[in-house]
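Input: a single structure, listed below in structure tokens.
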Amino acid sequence: MNIYIKNRNILAAISLVLSSAWMACNDDAFLEEKPMDFLAPETAYQTEAGLRQGINGLHWSVRNDFFFGEEIQEHSSTYKGLGTDVAYHGEDPNSTKFVCDYVNYFTSTNGIVREWWRRPFRIIQRANLIMQYIEQSDPSIWSSEAKKGEYYGEAQFFRAWCYRHLVSNYGDVPVVREVISSAKTDFVRSPKAEAFALMEEDLTQAAGTLPERGREEAPGRITRGAALHLLTEVYLMQGKYSEAIQSSTRLIDNMGYRLMTERFGGAGNSVWGTGDVFWDLFATDNQNLADNTENIWAIQFEGPSVIGGNNNRGSRAWGPAYFRMGNTPDGVTAFRGELIDGKYTGYSDTLGRGVSWIRPTYFMSRLVWGADFDRDIRNARHMVKRDFYFDNPESAYHGQLIDFSLYPPGAGRDPIRDTCQYIYPFFMKFFDPCNVQESPATSGNGASYKDVYAMRLAETYLYRAEAYIQTGQIDRATEDINVIRRRANATPATPDRVDIDYLLDERARELYQEECRFFALRRTGKLIERVRRYNNNPLHPGLNIQDYHVLLPIPQEQIDLNIDADFPQNPGY
């Protein structure tokens, strides 16, 4: 919502300039802006094709703002679980750029706090604009009334999607239903019930106008299933558990989606001669297959040959910086790497170029798997790479498992960097090994062009299980959890073990790297408790999280610019 005139002096200066222009010519036609030779909503949004481009722009914004489409490292990393119970910053556990200390990081002037506020409101403004032009459009521009409803529903979906972010992160926020076309400095924090009411209204209507699965215009476009999935989460956020059960059941039973339980996809699914149905879900090009009945909404990434394409930082964010670890115990380069243009690079195309932004906690890498560590296919060796080997024929240690105890005393190893930055379990969902499309000298430079799930039916089952737990229907919750666990070859859950913590554990096993973990932890009232218990950042155990961190601070610039109305800060900041 960064759309203010910053102070009254600027506002006065603009008024003076406009009044001077009026007195100089007094010509309405001269002052009227008519874009004739450049794109603007007044020209672009007058056709169905133009409005389609507007919808594509919403998708582009979501991809770039939340799914590593831009090089905004700390923003997307936090969105993907950094700073929760499942991950800490491995490159520098004492970093001030990434969330390693809640008290000193989440301040009202922090860039993350500002961007998590700005970006949803920016998309809301664009969605409102598209909805306004659809409402005002000439009926003759549409190929069908259904198509008009689809586009309107898609804009509604994105507006609701953004308000879900804002309410979870900040609590009460301004509810903006209309296009803001001039400077506004008197926003108020509406009770979050108003935002929830708008989300419900948008998603309920969209679920009636969006296309069914398989009838969307293109891969990645929004369907009725996506609206119902998000509506279920919105109900859970409000404690409307009966409604959440109804909407999730409608999606599970009646929308044409099914959990994938048999292998599918192309012959390239296996990289190391192994694989299973869970790997197939994340294999390159499998996300949008018609056979993949589990995909509800996948964010689309295109390779460098496509104008506007971008990558999901598949290894850069999650991968260890193995190439930085230096030498073997006998003093030669530990990773020789690929031979490119006559020299060895130090990088391997089976590992990419990780930078250790998101390192799994001990809870995520070990504890959460329990007795099923060697049984659960979500923890299989092709899904989580745990063993790394010295790779240099000049060393006597070539091909041996990297073990830092092999180094002699006084070898100068740094135990923090060795185990937080250089070598640690590498979760492979969004890495694309052996498929380097650019920067071969750095094995792709951390890039992957796999499409990324934003919504998957497995999560819908876990949403319904959450609602069943909250309503005391533990047997039914157990049944839904076991639908997921059976596919994973995991030991079935029993009702005596199933509670909210077990549900959150199962979400971690199934959805690590996919979900915004903050949303699930806040919604279930477990954020503070589980960060303190499970985040084992070696320099900041528990990340110094305080009770008031259940919400983020309102950005100070929002408060400062809102000069004509009070805009209170969240408690504790």
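It should be emphasised that the depicted structure is a prediction, and the values quoted were computed from it without experimental measurement.
F282 and F278 have their aromatic ring centers within a separation under 6.0 angstrom. Residues W117 and Y170 place their aromatic rings such that the two centres sit under 6.0 Å apart. Taking the six-membered ring where the residue is Trp, the centroids of F519 and H165 are separated by under 6.0 Å.
Taking CG of L129 as the reference point, atom CD1 of I134 lies at 10.0 Å (rounded to 0.5 Å).
The closest side-chain donor-acceptor pair between N295 and N292, if any, does not fall under 3.5 angstrom.
Closest of all the heavy-atom pairs between E154 and I222 is OE2-N, 3.2 Å. Residues G83 and Y102 approach most closely at O-OH, 2.6 Å, considering heavy atoms.
The environment of D501 atom CG is dense: over 12 non-hydrogen atoms of other residues, nucleotides or ligands sit within 6.0 angstrom.
A cation-pi geometry, defined here as NZ or CZ lying under 6.0 Å from the six-membered ring centre and within 45° of its normal, holds between R509 and Y502. Geometrically, K184 engages F187 in a cation-pi contact, judged by NZ or CZ lying under 6.0 Å from the ring centre and within 45° of the ring axis.
Judged by distance alone, the side chain of R159 and the main-chain N or O of A127 form no donor-acceptor pair under 3.5 Å. A donor-acceptor contact shorter than 3.5 Å is absent between the side chain of Y461 and the backbone of L259.
The one candidate from N286, T284, N288, N312 that meets the side-chain hydrogen bond (donor to acceptor under 3.5 Å, both in side chains) condition with D451 is N288.
Between F301 and S448 there is no side-chain heavy-atom pair separated by less than 4.5 Å.
Remark: H229 engages E459, T460 in a side-chain hydrogen bond (donor to acceptor under 3.5 Å, both in side chains) (not counting sequence neighbours). The side-chain hydrogen bond (donor to acceptor under 3.5 Å, both in side chains) search around D138 returns S140, not counting sequence neighbours.
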Open item on the list: ring-ring contact (aromatic ring centres under 6.0 Å, His included) for Y88 and F98? Distances and angles first, verdict last.
Closed with: CA-CA 9 Å; Y88 63 85; F98 291 78; over 10 Å; no

